[in-house]
Number of protein chains: 2
Amino acid sequence: MLINSRSEATPTSAHDRVYRGLRSRIMHGEIGPGAALTLRGIGAEFEVSMTPAREAVRRLVAEGALTLSTSGRVATPELSNERIEELAALRSLIEVELASRALPRAHMALIDRLQTINGAISDAVDRKDAVAYIRTNLEFHRTLYLRAQAPAMLAMAETVWLQLGPTMRALYGRLRRTEPPHFHRLIIAALKAGDEPGLRLAVRSDVTQGLKMLAG
Amino acid sequence: MLINSRSEATPTSAHDRVYRGLRSRIMHGEIGPGAALTLRGIGAEFEVSMTPAREAVRRLVAEGALTLSTSGRVATPELSNERIEELAALRSLIEVELASRALPRAHMALIDRLQTINGAISDAVDRKDAVAYIRTNLEFHRTLYLRAQAPAMLAMAETVWLQLGPTMRALYGRLRRTEPPHFHRLIIAALKAGDEPGLRLAVRSDVTQGLKMLAG
DNA sequence: CATGCTTCCATGTGATCACAAATGGACACA
DNA sequence: TGTGTCCATTTGTGATCACATGGAAGCATG
């Protein structure tokens, strides 16, 4: 409505709310690969018009979180195996560097927090909750990388997570979920010991671990 | 106008034309850091309404090519030294990997093409044409990396270039431009010799070279 | 002459609408 | 029963408009 005199201030812009909502869902695997979305549907769900919905979608397309068919239809991407391998390699490159930069700044408080998060991951595994698993797993990594004080690199890493989101859901879904996060314990041990080569190896292993499922 | 019966088919969508135009300018350093843009201005320049202009801007903001002030004003970013260091490190990480993947596929035709581009770079240096220098320099790298057959990685690298675009203009502007591309010759030599460690070192040196100017 | 306030214009935001194209299903026919 | 065609509905695109806000210029006051 044009005569919208809601004096209650909008804390954040509409397109940003839509963007954040969709981004969170995609990154955490709440939407499977190949799912179709419509601008009007998004708008209705977030109670906004098509304009902010379109802007949010454009932004997510730019980040590779959504694909646009030639006719403009919006959907989550179905990644080829080659693409998954590339994205895993990117994760490895960027996240090993982030972990390496975080290492000198990693104090006990950080390690405690990581162990707490690890407990939450085990809970999610026990509950067979794929979305919670993905979310807490990413939180583990983000908590570590925040210490690197490298926002541009972290943003890049999150963009890769975003692109892998729908696929991770499918991937972890077919995974027999009996294993607690093994490599996470190696990461924590390397942090405690100040062992940089060990940390790099542990992060690389953790990041590329899920990929093995796919190839096998 | 709503009664727009232009039967001449739009070959590509309006927002895409605007996006490509702006992106090219920013990446190639045609716009200096801190320059302000307006949606109406962009729309007038590309002869479209504000809607496609906004979509293109949103997309470029998502890619880090533009910044949005809290009040929504659009401008090219002025990067801090820490940010520049981070982006250079990202270039190094990603592009070394791309070059390494391209190496086994690099045949003579590719090396010839790279040498031709190198000639164009020298011309740009002689003409003191900063924009042409940046454009041909990036073309050199892109030509090499295309052989890696890794589109996701290449897209990441280009996003970093985009973020560095306005800064590169300022950087190469204050550079005494007497030097032909030294490290490019090392890259070509390593490609010819099939020397992977040498190639990795040459690419890393070339990518981080410009940064030295800034710190010094 | 400097500093604070006020006003006005420029600018971003979001809703709505007209239009075109594509998609999906219904229906007829082989 | 399979297949091709046609139509209706869904969907994206882009233009325009009303509104709120922020910045800059101008004015007044110390």
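Keep in mind that what you see is a predicted model, and the values were worked out from it rather than measured.
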Engineer: Can you list every pair that meets side-chain hydrogen bond (donor to acceptor under 3.5 Å, both in side chains) and has a residue in residues 25-35 of chain A, with sequence neighbours left out?
Structural biologist: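 Output for this query lists A:S24-A:H28, A:R25-A:E45, A:H28-A:R135.
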Engineer: Provide the full list of ring-ring contact (aromatic ring centres under 6.0 Å, His included) pairs with a residue in residues 137-170 of chain B, sequence neighbours left out, each pair given once.
Structural biologist: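 Those involving residues 137-170 of chain B are B:F140-B:H184, B:H141-B:Y145, B:H141-B:H184.
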Engineer: With sequence neighbours excluded, tell me which residues meet side chain to side chain contact (heavy atoms under 4.5 Å, CB included) with B:A132.
Structural biologist: B:A124, B:R127, B:D129
Engineer: I need the CZ-P distance between B:F46 and D:dG14, as an integer number of Å.
Structural biologist: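 Between P of D:dG14 and CZ of B:F46: 14 Å.
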Engineer: Please list, chain by chain and in numerical order, all residues satisfying side chain to side chain contact (heavy atoms under 4.5 Å, CB included) with B:A75, sequence neighbours excluded.
Structural biologist: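 Applying side chain to side chain contact (heavy atoms under 4.5 Å, CB included) to B:A75 gives B:T67.
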Engineer: Please report the interatomic distance CG(B:D206) to CD(B:E95), rounded to the nearest 0.5 Å.
Structural biologist: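 One finds 8.5 Å between CG of B:D206 and CD of B:E95.
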Engineer: Could you give all pairs that pass the salt bridge (Lys or Arg N to Asp or Glu O under 4.0 Å) test and reach residues 148-164 of chain A, with sequence neighbours left out?
Structural biologist: A:R23-A:E158, A:R142-A:E158
Engineer: Could you check A:T70 against A:D16 and say which one's nearest nucleotide on DNA chain C is further toward the 5' end?
Structural biologist: A:D16
Engineer: May I ask you to verify if any side-chain N or O of A:H15 is less than 4.0 angstrom from the OP1 or OP2 atom of C:dT13?
Structural biologist: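 No, because none of the side-chain N or O atoms of A:H15 sits under 4.0 Å from OP1 or OP2 of C:dT13.
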Engineer: Without decimals, in angstroms, what is the distance between A:E55 CD and D:dT13 P?
Structural biologist: 13 Å
Engineer: Distances under 3.5 Å between protein N/O atoms and the N/O atoms of nucleotides 9-12 of chain C, please, pair by pair.
Structural biologist:
{"from": "C:dG12", "atom 1": "OP1", "to": "B:L39", "atom 2": "N", "distance (Å)": "3.4"}
{"from": "C:dG12", "atom 1": "OP2", "to": "B:L39", "atom 2": "N", "distance (Å)": "3.0"}
{"from": "C:dG12", "atom 1": "N7", "to": "B:R40", "atom 2": "NH1", "distance (Å)": "2.9"}
{"from": "C:dG12", "atom 1": "O6", "to": "B:R40", "atom 2": "NH2", "distance (Å)": "3.3"}

